[in-house]
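Only heavy atoms go into these numbers, but all of them, side chains included; no hydrogens, no water, no symmetry mates.
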Amino acid sequence: MPIFTPIPQDDFVAAIHVLAAKLAEDTAWTPDFIIGIGRGGLVPAVFLSHAIGLPTLSVDYSSQVKDFADAPLVKLAKRTRDGERLLFLDDINDSGRTITHLRSALAAAGAVDGAVRFAMLIDNVSSAERIEYSARTIDRTVTKDWFVFPWEAVAPSAAIAEDAAEVPERIA
């Protein structure tokens with residue numbers, strides 16, 4: 001039985017401020033755009049956009065609809081060749097599967113090395129992928145909680161349980 005751990009709105013907003021502060025501290029690298037990764041990174045991207053005053057774009061990896069996932073990555077890769085820097089934002093780096101896909105697709109489309117970075121509200125240190133910025137870290141080998149972010153909390157309990165059960169080893 002999974003442990004469902006709600007993330008209160010105040011904790012979510014505090015995490016956004018932590019990410020904003022980390023970005024401000026990194027004077028060597030400043031993004032031109034925040035890219036919300038659909039679906040879990042869309043709300044955080046809008047909040048971070050307001051916190052640091054940068055525009056938001058999005059890719060919808062979770063839907064698996066190519067017109068909204070892979071096609072925008074080709075356009076984003078071109079933007080890096082034009083000199084822009086992109087910060088991709090998601091709610092949690094769990095297995096690293098999403099990041100692996102995005103990095104591979106961007107590289108295949110010719111994205112410039114160093115022009116793309118990743119930020120997460122929660123970073124799993126045992127993930128297959130490393131990221132540049134996080135508000136909080138966990139170790140999935142120890143922490144098996146299924147985190148329920150404020151935008152997910154409105155879903156029926158059965159839908160939350162179904163999402164958690166998608167990859168059982170994360171929470172077992």
Open item on the list: Strictly below 4.0 Å, N to O, side chains only: are D163 and R39 in salt-bridge contact?
Closed with: yes
Task: Minimum heavy-atom distance between N93 and S127, given as atom pair plus value - done: OD1-OG, 2.8 Å
Task: Pairing of D145 and R140 as salt bridge, 4.0 angstrom limit - done: no
Open item on the list: If I take atom OG from residue S126 and atom CD1 from residue I138, how far apart are they, to the nearest 0.5 angstrom?
Closed with: 7.5 Å
TODO: Spell out, as yes or no, whether a donor-acceptor pair under 3.5 Å connects the side chain of D60 to the backbone of I37.
DONE: no
Open item on the list: Is there a side-chain contact (heavy atoms from CB on, under 4.5 Å) between D90 and F118? Walk through the geometry before answering.
Closed with: CA-CA 8 Å; D90 208 352; F118 286 83; over 6 Å; no
- [ ] Please report the shortest heavy-atom distance between D70 and A105, naming the atom on each side.
- [x] OD1-CB, 4.5 Å
Open item on the list: I'd like to know whether F88 forms a side-chain contact (heavy atoms from CB on, under 4.5 Å) with V59, so could you lay out the CA-CA distance, the side-chain angles of the two residues, the decisive distance to 0.1 Å, and finally the verdict.
Closed with: CA-CA 9 Å; F88 284 77; V59 295; 4.3 Å; yes
TODO: Give a yes or no on whether the backbone of V112 and the side-chain of T80 come within a donor-acceptor separation of less than 3.5 Å.
DONE: yes
- [ ] Treating Ile, Leu, Val, Met, Phe, Trp and Tyr as nodes and any side-chain heavy-atom pair under 4.5 angstrom as an edge, say whether V13 and I7 lie in one connected cluster.
- [x] yes
Open item on the list: For E152 versus I160, what's the shortest heavy-atom pair and its separation?
Closed with: O-CD1, 3.6 Å
Task: pair T137-M120: side-chain heavy atoms closer than 4.5 Å - done: no
Open item on the list: As a quick check of understanding, evaluate side-chain contact (heavy atoms from CB on, under 4.5 Å) for L121 and I92, giving each step before the final call.
Closed with: CA-CA 6 Å; L121 297 176; I92 186 168; over 6 Å; no
Open item on the list: With a 4.0 Å cut-off on N to O distance, would you call K78 and D82 a salt bridge?
Closed with: yes
Task: Spacing of L19 atom CG and L87 atom CG [to the nearest 0.5 Å] - done: 8.0 Å
Open item on the list: Pair F33, E84 - check side-chain contact (heavy atoms from CB on, under 4.5 Å), show working.
Closed with: CA-CA 8 Å; F33 290 95; E84 293 178 341; 3.4 Å; yes
Open item on the list: Looking at every non-hydrogen atom in both residues, tell me the closest pair between L54 and I34 and how far apart they are.
Closed with: CB-CD1, 4.2 Å
TODO: Return yes if some donor-acceptor pair links the side-chain N/O of E132 with the main-chain N/O of R117 below 3.5 Å, else return no.
DONE: no
Task: Non-hydrogen atoms of F12 and P150 that approach each other most closely - done: CB-CG, 4.0 Å
TODO: Working to the nearest 0.5 Å, report the span between CG of L48 and CD1 of I52.
DONE: 4.0 Å
Open item on the list: Could you tell me if S134 and D123 have a donor-acceptor pair between their side chains, going purely by distance under 3.5 Å?
Closed with: no
- [ ] Kindly give the heavy-atom pair with the smallest separation between A135 and V18, and that separation in Å.
- [x] CA-CG1, 3.7 Å
Task: Approximate separation, where rounding is to 0.5 Å, of L102 CG and E129 CD - done: 9.5 Å
Open item on the list: F147 vs F4, test: ring pair (Phe, Tyr, Trp, His ring centres under 6.0 Å). Steps then yes/no.
Closed with: CA-CA 6 Å; F147 298 99; F4 294 101; over 10 Å; no
Task: Note, I131 side chain near I99 side chain (heavy atom, < 4.5 Å) - done: yes
Task: Whether over 12 other heavy atoms sit under 6.0 Å from K144 NZ - done: yes
TODO: Check whether any side-chain heavy atom of I35 sits under 4.5 Å from a side-chain heavy atom of L76, and report yes or no.
DONE: yes
Open item on the list: So for atom CZ, which belongs to R97, do other residues, nucleotides or ligands contribute more than 12 heavy atoms lying within a distance under 6.0 Å?
Closed with: no
TODO: Check the hydrophobic clustering (I, L, V, M, F, W, Y; side-chain heavy atoms under 4.5 Å; chains of links allowed) and say if L89 and V43 are grouped together.
DONE: yes
TODO: Please work out which of the three classes, parallel, tilted or perpendicular, describes the rings of W151 and F149, given edges at 30° and 60°.
DONE: parallel
Task: Beyond-backbone contact of W146 with I3, side-chain heavy atoms, under 4.5 angstrom - done: no
Open item on the list: For the backbone of T100 and the side chain of S104, can you confirm whether one donor and one acceptor N or O come within less than 3.5 Å of each other?
Closed with: yes
- [ ] Take atom CD of Q9 as the centre, draw a 6.0 Å sphere, and report whether it contains more than 12 heavy atoms from other residues, nucleotides or ligands.
- [x] yes
